[in-house]
Amino acid sequence: MASPTLARLAELGRDSNERLRSILPLLPIALRSAVKAGPIEGTTWCLLLDNSATAAKLRQIAPTLEAHLRSKGWAVESIRLKVQKPAAQ
């Protein structure tokens, strides 16, 4: 039997991925591959981004994304944007 902690983490992971699927149509096509679902912390959802240019664009449309998520039933007060550092080669 899986531990309650692992079950909760799996549930949060699924929820985060569902949120990303919900907002993808609102993102510019060129940026979609640069955005990944990140952790959920209370009413804050984190998006993991490939670069700062993507972060700059998403900062502009974050209020629209937040409103969209709320309209779909998610309790999202804010979206945090985090640029991922490239993996060391």
Side-chain angles (χ1 to χ4, degrees):
M1 181 155 121
S3 76
T5 302
L6 288 178
R8 177 71 179 140
L9 285 174
E11 179 184 330
L12 287 172
R14 281 189 301 274
D15 189 15
S16 185
N17 285 324
E18 287 175 22
R19 292 176 188 205
L20 180 60
R21 277 192 297 278
S22 176
I23 66 163
L24 274 179
L26 304 176
L27 301 180
I29 293 171
L31 299 183
R32 292 178 187 175
S33 65
V35 180
K36 313 266 183 306
I40 299 169
E41 298 166 353
T43 58
T44 301
W45 179 42
C46 180
L47 288 174
L48 307 174
L49 311 173
D50 286 352
N51 55 62
S52 58
T54 301
K57 180 59 181 172
L58 289 188
R59 266 192 289 283
Q60 294 174 344
I61 64 171
T64 301
L65 300 177
E66 293 161 3
H68 173 78
L69 290 166
R70 285 191 295 272
S71 78
K72 298 294 182 184
W74 282 291
V76 176
E77 289 182 17
S78 65
I79 296 176
R80 186 168 54 99
L81 305 173
K82 182 173 181 175
V83 176
Q84 299 277 265
K85 294 181 182 174
Q89 305 232 355

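Just so you know, these numbers use all the heavy atoms, side chains as well, and skip hydrogens, waters and symmetry mates.
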Contact summary for Trp45 and Ile40, nearest pair of heavy atoms: CD1-CG1, 3.6 Å

message: I need the full list of salt bridge (Lys or Arg N to Asp or Glu O under 4.0 Å) pairs touching residues 5-26, with sequence neighbours left out, sorted by first then second residue.
response: Arg8-Glu11, Asp15-Arg19

field: pair Leu69-Ile79: side-chain heavy atoms closer than 4.5 Å
entry: yes

- request: Please confirm whether the backbone N or O of Ser22 pairs with a side-chain atom of His68, one donor and one acceptor, at under 3.5 Å?
  value: yes

- prompt: Roughly how far, to the nearest 0.5 Å, is the CD atom of Glu41 from the OG atom of Ser78?
  reply: 9.5 Å

Table please: side-chain donor-acceptor pairs of residues 46-57 below 3.5 Å, with sequence neighbours left out.
| residue | atom | partner | partner atom | Å |
| --- | --- | --- | --- | --- |
| Asn51 | OD1 | Ala53 | N | 3.2 |
| Asn51 | OD1 | Thr54 | N | 2.8 |
| Asn51 | OD1 | Thr54 | OG1 | 2.8 |
| Lys57 | NZ | Gln60 | OE1 | 3.4 |

- prompt: Can any side-chain N or O of Arg70 pair as donor or acceptor with the backbone N or O of Val76 at less than 3.5 Å?
  reply: yes

Going by atom type alone, with no hydrogens or angles, which donor-acceptor pairs under 3.5 Å involve a side-chain atom of residues 31-39 and a protein atom two or more places apart or on another chain?
| residue | atom | partner | partner atom | Å |
| --- | --- | --- | --- | --- |
| Arg32 | NE | Leu24 | O | 3.0 |
| Arg32 | NE | Leu27 | O | 3.0 |
| Arg32 | NH2 | Leu24 | O | 3.4 |
| Arg32 | NH2 | Pro25 | O | 3.4 |
| Arg32 | NH2 | Leu27 | O | 3.1 |
| Lys36 | NZ | Ser33 | O | 3.1 |

